[in-house]
Amino acid sequence: METEDVTVREQLFHDRVRETIICVLLFICLYILSHFILTHFKKNAEFVTDDIEDATVNKIALWLCTFTLSVAVCAVLILPISILSNEVLLTFPHSYYMQWLNGSLIRGLWNLVFLFSNLSLVFLMPFAYFFTESEGFAGSKKGIMARVYETAVMLLLLSLLVLGIVWVASALIHHNTARESLYDLWEYYLPHLYSGISLFGVLLLLLCTPFGLSRMFSVTGSLLVKPRLLENLEETMNCTAFEEASLSRKLKSNTSCWISANIEAINNELLSVQSKSIALELRKRASPWQRNLGYPVAMLLLLALTAVSVLMVCFHVLELLFDESAMPRGMEDPHLGLASFSMFGSLGAAVQVVIILYLMVSSVVGFYSSPLFTGLLPRAQDTTLTQIIGNCVSLLILSSALPVFSRTLGITRFDLLGDFGRYNWLGSFHIVFLYNMLFAGLTSACLINTVTWALQRELIRAFGLHRLPLTVSRSTIPLKLLLANGLSKIH
């Protein structure tokens, strides 16, 4: 009997060591990736200064930002990793090399992501910001420790302020419970705080993702070579070269006779023509496959992913009306390898993973495209440390809410593990149902508006109507006139 107990304890010990090693290796890889990303965007002048103390403080803050960004990337990957792990165990149920992939490992990853994401949001990022802004208390000895003491005091005051706000909100909603749980910090107030942060992140995803899905078409189009119907590329390049030469000659001759406003206008026009010439040169160098097939295939792929996402959400709305199990909830044991989380098997699971990653990319695009957050857009080698902190916090809020967002919309049937399923608002049918309806409606409206306007704009450009002296808009030229003009050109 004692031998069996020793064997069980040894097995549990080896399992725990193996899971720890896997988690550490995964985090090290993500940390290195995040370090390269932040190094590419950081402003080097802030880290190479004459003041050694400021440089040290900035480096410490950058390490904390790297940690936070790596947690954000892990939060994005945790749900796809869980879905793919289940499918791998279904495909190879008795494989000796897949025994390390089990429910205990996946549940541990979910718990670590939840712990580190909240630790970063509540402590590390506020500490990094206050640490970079601190100078030490007046009259105290200058140095790193003086800044640490000031930052600790600011964090303490901020924590008291946040807990006071949570207590007041709890008292307004549940008066008796809040009064009785005044000292029950861990079991009552922190879950409420986590639930509020998650709800804010899910609402932010609701606003950014539909807008980002519509923006994905223009962003992808700017990276690819667009085909032009009925366009003579050589003729367009000759006209552009002639226009560029004319502007250069006009700028060089009798420059002293021009006033500064005219010179600036000609310079701007010349820069515009030169950029157009560069774009035409890239179009000429592109292969016929890239010029005529790459852009349509990419647009059709984006349209298909967006349409599948909307259809999955609409189907989930119907499920919410007739099936109580469609509601998002938490689970203790994932039970990997028993059944697929998609009715279409491994193919459906792969589609779920692609859709989840696509929605995350779209939400990031929509976030940085919105007028409120355009100033946070990072620039290569020109992003200040304060902007890096803001970007890390924003990305962590979006990524940590992604599992709840995906499960609430019914993109996957993989239920939430660990503390992700403890959010109070997940059990409200009205909130979940309204959330699904809003997402489907906003995404459909943005998609219809983007596709119709993009189609008319391309037809206007293809048929040469953009060269008219008057401003052309979709209200001034109907679609029938565009098609009639195109048919007359063809004949």
Side-chain angles (χ1 to χ4, degrees), residues 11-34 70-117 305 308-309 312 316 325-326 328-361 396 398-422 426:
Q11 184 64 36
L12 291 175
F13 174 77
H14 290 305
D15 292 342
R16 183 61 59 87
V17 171
R18 182 179 64 242
E19 293 172 7
T20 304
I21 292 175
I22 293 173
C23 293
V24 169
L25 290 177
L26 176 62
F27 184 78
I28 288 176
C29 294
L30 295 179
Y31 189 91
I32 294 173
L33 176 63
S34 303
S70 60
V71 173
V73 176
C74 190
V76 173
L77 299 177
I78 186 64
L79 187 56
I81 288 176
S82 303
I83 297 173
L84 293 178
S85 299
N86 181 69
E87 298 303 321
V88 169
L89 292 177
L90 280 174
T91 307
F92 307 100
H94 304 293
S95 176
Y96 173 78
Y97 300 100
M98 293 299 168
Q99 291 183 1
W100 59 272
L101 194 60
N102 50 36
S104 177
L105 173 63
I106 299 301
R107 185 173 60 252
L109 285 174
W110 280 74
N111 290 331
L112 288 176
V113 168
F114 182 85
L115 174 63
F116 288 149
S117 60
L305 290 175
V308 170
S309 303
M312 293 175 72
H316 187 245
S325 63
R329 61 176 185 267
M331 61 177 174
E332 295 298 329
D333 193 349
H335 298 292
L336 297 180
L338 298 180
S340 178
F341 292 102
S342 173
M343 64 179 65
F344 299 104
S346 299
L347 179 61
V351 172
Q352 290 179 3
V353 171
V354 173
I355 293 296
I356 291 171
L357 297 178
Y358 175 63
L359 291 178
M360 183 61 200
V361 174
L396 183 58
L398 293 175
S399 60
S400 60
L402 181 64
V404 185
F405 173 76
S406 303
R407 182 62 184 93
T408 304
L409 293 179
I411 303 299
T412 178
R413 297 301 296 267
F414 190 93
D415 286 319
L416 302 172
L417 286 173
D419 291 324
F420 279 94
R422 294 179 58 191
L426 285 177

Are the side chains of [X] and [Y] in touch, meaning some heavy atoms are under 4.5 Å apart?
X	Y	value
Ile28	Ser70	no
Asn86	Ser82	no
Phe405	Leu359	yes
Ser400	Val113	no
Val24	Thr20	yes
Glu19	Asn102	yes
Leu109	Leu26	yes
Val353	Thr412	no

Could you measure the distance from the [atom1] atom of [X] to the [atom2] atom of [Y]? Nearest 0.5 Å is fine.
X	Y	atom1	atom2	result
Leu77	Met360	CG	CE	10.0 Å
Cys23	Leu105	SG	CG	5.5 Å
Arg413	Gln352	CZ	CD	9.5 Å
Thr408	His316	OG1	NE2	8.0 Å
Leu101	Leu89	CG	CG	4.5 Å

How far apart are the closest heavy atoms of [X] and [Y], and which atoms are they?
X	Y	value
Leu357	Pro80	CD2-CG, 4.0 Å
Ile78	Ala75	CG2-O, 3.1 Å
Ser309	Ile411	O-CD1, 4.5 Å
Trp110	Leu79	CZ2-CD1, 3.9 Å
Ile356	Ile83	CD1-CD1, 3.9 Å
Glu87	Ser346	OE1-OG, 3.2 Å

**OP:** Not counting sequence neighbours, which residues clear ring pair (Phe, Tyr, Trp, His ring centres under 6.0 Å) with Phe27? List them please.
**Re:**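 So Phe27 forms a ring pair (Phe, Tyr, Trp, His ring centres under 6.0 Å) with Phe67.
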
Subject >> Any donor-acceptor N/O pair, Ser399 side chain to Leu396 backbone, under 3.5 Å >> reply: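 Between the backbone of Leu396 and the side chain of Ser399 there is a qualifying donor-acceptor contact (under 3.5 Å).
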
**OP:** Keeping to residues at least two apart or across chains, list the salt bridge (Lys or Arg N to Asp or Glu O under 4.0 Å) pairs with something in residues 403-412.
**Re:**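 Every salt bridge (Lys or Arg N to Asp or Glu O under 4.0 Å) pair that includes a residue of residues 403-412, provided the two are not neighbours, is Arg407-Asp415.
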
